[in-house]
Student: 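Before anything else, here's the structure in question.
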Amino acid sequence: VSNRVFCAVAFAVAAAAFALSLAVENEFYIRAAFVVLQFLVLATAWNLLGGYTGYVNFGTAAFFALGAYGSVVMEKLAPLPIPALVLVGGVVSGAVGLGMGYLTLRLRGAFFAIATLALAVVLQTLITNWDFVGGSRGAYIIAPAEIELLGHRIGYIRYLFLVMLLLSVIAVATARSIERSRLGFGFAAIRDDEQALIATTLSGALMGMAGAPYPFYITYLDPASGFNLNYAVNSIAMPLIGGMTSWVGPIVGALLIGTIQQFAIVTSFLGASPAVNLLVVGALLVAFVILAPRGIVGMMARHKGG
Amino acid sequence: MVSLDLLVSAIVAGILLGGFYAAMTVGVSISFGMLDIVNIAHPAFIILGSYIAYIVNARLGIDPVVASILAAPLFYALGALIYQIYHVAFERRGDEALRGLAFFFGLLFITEVALILVFGVDYRFVETGYVGTTLHLGPIYLPLRMLVPFVCSLALVGGLQLFLTRSFIGRAIMAVSQDQLALQLMAANPVKIKRIAFALSIASAGIAGALLIIIQPVEPSIGRDYIGRVFAICVLGGMGSFPGMVVAALLLGIVESITATFYGPSWAPAVAFGCLLLTLAFRPAGILGRHA
């Protein structure tokens, strides 16, 4: 299927999902779906680098938080509509990704991984000390209750959900087209520094874009929630559990793990706290890398292939 | 005005701090520097060591350092178990780069969250007779809270260095870091040697944890603050070299202490990260590296 047809189908799926969401009365479910899609974008973005070039990024939270804090800064300086903020987040995080990649990608992959881990700690320190964005106290963002879209008034959370749906389409279409161009040009070019650099930049940009709407969703952003390690753990666990070799894997992982987590939070299943959620994801990650290194998609393919 | 006294005491405090960093890093120098195993969960095991020292100290009143030495065999066994899993699941499949890293990342989280679930996020500290005492040498202050970990740390690194250079197994570990094939020709099993080395690295993490909780109160997630530091020191020191690592640890301690004294403690983590990035960008073989 060509990229153009794929994009058309993906947009149709997104439009159907949005139409379906309008039928859901309880906005609680829309909030949960927003979070799952946020993870879908992050997992797909992570896999652009991890799945296709083998570089491990532990700093998803840093790129995500950069996008979120980019929105906070813009809101204080010159308020912009969400799509513009998404672009700002993408540019800021993409630039940081490019810089990180430029400094460390020519070395062994382990150094890149360690550098991203340290990046998250240091950026959090900087933001915590930056009073303009609220420092450690955090910043309040006032989101309107409703917004007018094509002549209809819809709840703001539905609008954010729509933005995240479109971001998901962009992320998945990007992943798929990179995957296809890679296969097309042959494997010789994969280890190429320039390709890795492009992947780092795109991956960072998508993570920043996913973070940009977050302050309006949460309405109160502090360093602890923006840099929550939840993002780093899930964005690594979801592709590894779903399967890293194709764009389908991160989607499967994100929808599965994300939905289970949201379900656990909503129903307080087994007294689930955020800590228990993290523990479960961590344990699943370890179990999958040891027992099923190809992930769910890999296992399915093997069954089908016989 | 920069006063000389202030600078001198900042440097002394930095040396004490840096000496302690050597204990935190020595295990990474073994696992990452010699065995090429990127154990990013090392600081999590250090925090586990802090909590074990805390429990033993609170329940039985035993000195944390003594407690950590008593617990060292447990950490050694834990390390041997982790290496065995790592070897079977990743090293043998040639899959250590990506999934091996993810494995240690998962271990980091399991350890941290398990500690949070058991102990909560409150800061814990130990009670010893010397924590509040400070020695005065003219204008120089030597708090025992820092001096004891400093001395223990150098003893730990020195002991490990002696073991590696003088004992048969130690030399085999050094050999495995250079050339696995040569070791096989000597009829030594490289997997067994690597298991011993990795187990030793985890045992050193347990002891470093006890030293950490003497220096400062500990809560489960502070381990993450040290990941950047220990890997920066390990790389800066030239990966597997202990003398280089100690020099790098002292340097980082001094730079951090001076930064904290003159610019405020909130900038200290940025120092380690800056050192790490600069090292990776300009001198990946480290300051005393054998090969550039």
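Protein chains get the first letters and strands the later ones, always in sequence-line order, with residue 1 at the start of each. Scope of the values below: all heavy atoms of this structure, side chains included, with no hydrogens, waters or symmetry mates.
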Student: With chain A as the partner, which of Ala102(B), Ala232(B), Gly228(B) has the greatest number of non-hydrogen pairs under 4.5 Å?
Tutor: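 Of the options given, most contacts go to Ala102(B).
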Student: Non-hydrogen atoms of chain B under 4.5 Å away: do they reach the side chain of Val122(A), the backbone, both or neither?
Tutor: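 Side chain only.
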Student: What's the spacing between Phe32(B) CZ and Phe111(A) CZ if we round to 0.5 Å?
Tutor: 4.5 Å
Student: Among Thr125(A), Val289(A), Leu291(A), who wins on heavy-atom pairs under 4.5 Å with chain B?
Tutor: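 Winner by heavy-atom pair count: Val289(A).
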Student: Is Ala232(A) close to chain B through its backbone or its side chain, or both, or neither, when contacts mean heavy atoms under 4.5 Å?
Tutor: both
Student: Contact between Phe105(B) and Val233(A) at the side-chain level, heavy atoms closer than 4.5 Å - yes or no?
Tutor: yes
Student: Please round to the nearest 0.5 Å and tell me the distance separating atom CG of Leu117(A) and atom CZ of Phe231(B).
Tutor: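 Nearest 0.5 Å value for the CG-CZ distance: 8.0 Å.
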Student: Tell me, yes or no, whether the heavy-atom count around Phe132(A) atom CZ, taken from other residues, nucleotides or ligands under 6.0 Å, exceeds 12.
Tutor: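 Count over threshold, so yes.
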Student: Below 4.5 Å, heavy-atom pairs only: which of Val38(B), Ile110(B), Ile40(B) has the largest tally toward chain A?
Tutor: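 Ranked by heavy-atom pairs under 4.5 Å with chain A, first place is Ile110(B).
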Student: Would you sort out whether Leu98(B) and Leu240(A) count as a side chain to side chain contact (heavy atoms under 4.5 Å, CB included), showing the intermediate values?
Tutor: CA-CA 10 Å; Leu98(B) 197 139; Leu240(A) 276 163; 4.0 Å; yes
Student: Is Leu284(A) in contact with chain B via its backbone, its side chain, both, or neither, using a 4.5 Å heavy-atom distance?
Tutor: neither
Student: For Leu279(A), is it the side chain, the backbone, both or neither that has a heavy atom under 4.5 Å from a heavy atom of chain B?
Tutor: both
Student: Say you draw a straight line from CG of Leu108(B) to CG of Leu229(A); how long is it, rounded to the nearest 0.5 Å?
Tutor: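 Here the rounded value is 8.0 Å.
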Student: Show your reasoning for whether side chain to side chain contact (heavy atoms under 4.5 Å, CB included) applies to Phe109(B) and Val281(A).
Tutor: CA-CA 9 Å; Phe109(B) 275 94; Val281(A) 175; over 6 Å; no
Student: Looking at every non-hydrogen atom in both residues, tell me the closest pair between Val276(A) and Leu117(B) and how far apart they are.
Tutor: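 That would be CG2-CD2, 4.2 Å.
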Student: Which atoms of Leu285(A) are under 4.5 Å from chain B, going by heavy atoms: the side chain, the backbone, both sets, or neither?
Tutor: side chain
Student: Would the number of heavy atoms belonging to other residues, nucleotides or ligands and lying under 6.0 Å from OH of Tyr220(A) be above 12?
Tutor: yes
Student: Do any N or O atoms from the side chain of Arg99(B) and from the backbone of Pro293(A) form a donor-acceptor pair under 3.5 angstrom?
Tutor: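 Indeed, once roles are kept as given, a pair shorter than 3.5 Å links the two residues.
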Student: Please classify the contact of Val121(A) with chain B as side chain, backbone, both or neither, using a heavy-atom distance under 4.5 Å.
Tutor: side chain
